[in-house]
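We're numbering straight along the sequence, starting at 1. Counting convention: from 1, in listed order, for ligands and their atoms alike.
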Amino acid sequence: MTNGQSTAQTRVFSGVQPTGKLHLGNYLGALKKFVALQHQHECLFCIVDLHAITVPQEKGQLADNTREIAAAFLAAGIDPDKAVIFVQSTVPAHAELAWIFNCTAKMGWLERMTQFKDKAGKDKERASVGLFAYPVLQAADILAYKATHVPVGDDQKQHLELSRDIAERFNREYDAPKFFPQPEPLIQGPGARIMSLKDGTVKMSKSDPSDLSRINMDDTPEKIAKKFKKARTDPDGVPASTEELLGRDGARNLIGIYAGLAEISQQQVLDQFAGQGWGVFKPALADLAVAKLTPIAENFTRYQNDPAELDRILSVGTQKAAAISAPIIAEVRDIVGFWKN
Ligand code: TYM
């Protein structure tokens, strides 16, 4: 890790919303990093259902969607004996600390959050208070465990900056220097910003109405090949240097996806394909994606077919997460100065 902290001092936390199928952006920006980190650090990976209800959810779907993310975590290679996998709403520390942080964070800080503006759309008045306070809950998720590192995609950068501001303000406000750490985002790498296959200027997203814009984690090999074939590029072929990708959003996105999946740098991808047309590159990319994603899709189906095992793993996760956060929340209560029962 960048700051050279030893394993003993680091704690990794990240969250994923149970709001539909995961896509290649979630995998390269988050899950793949989770899998790598679990071998060296204490890790907590949380399914953030309290965040999901900041916008209306389909009736009766939340529990199934939660299991689906648990299955995706396991299928991607997260080992429940190494990392804690759990559901946010089952550990009350998140909601409790979020309230305390609601009283530390400033309206102005939240008004600057671009994701709220995007999600609330034109009619801000009708957005839930929860959607506005969403990043405060995110700060509580991280800091209820005094997590030091947070692997996320680039779209979470602003929320992570807010978490750092809240930690710092709380420490100052309550005269508790260094009580909360400054959590460090782990964003770098070619997978941090995977864009839509149809428009290289917007991120790949679950909410894009066009299924052709994204590779879903359970797409068939035929679908994957078709989507890459139709992906937006430009008339020029694969260039020789990363500078030549500037302003070529679709092309840069495909090179980035290849680099993320193959775990090599963008320059190494260019070295391999420079001068080739997209007619050569796209099938190679599809083959690589199929080779990497098919085993995960198969595991995913296996876990999905065993909800009792998923529930067992999540229950163990709840206990482990609660045991870590309980003493931290007890200290927070002391610091704030609440009456003690
Ligand atoms: P969510 O559920 O939208 O996305 C889960 C993770 O996937 C990453 N991601 C992407 N990465 C690269 N390219 C993309 N196109 C792309 N789309 C999504 C996200 O950055 C994220 O890492 N607010 C968070 C969930 C959250 C959280 C937390 C994260 C709640 N509490 C505490 C970290 C720590 C979110 O909505 O992620």
Are the ring centres of H94 and F101 closer than 6.0 Å?
no

Taking the six-membered ring for Trp, is the centroid-to-centroid distance between Y134 and H159 below 6.0 Å?
yes

Which protein residues have a heavy atom under 4.0 Å from ligand 1?
F13, S14, G15, V16, Q17, H23, G25, N26, G29, A30, V48, H51, Y134, Q138, D141, I142, V150, V152, G153, D155, Q156, G191, A192, R193, I194, K203, M204, K206

May I ask you to check whether H23 and N216 show a side-chain donor-acceptor distance below 3.5 Å?
no

Could I get the full list of side-chain contact (heavy atoms from CB on, under 4.5 Å) partners for S241, not counting sequence neighbours?
E243, E244, Q267

Under a 3.5 Å threshold, yes or no: a donor from one side chain and an acceptor from the other, between K206 and T19?
yes

No-hydrogen, no-angle side-chain donor-acceptor test under 3.5 Å, H51 and Q88
yes

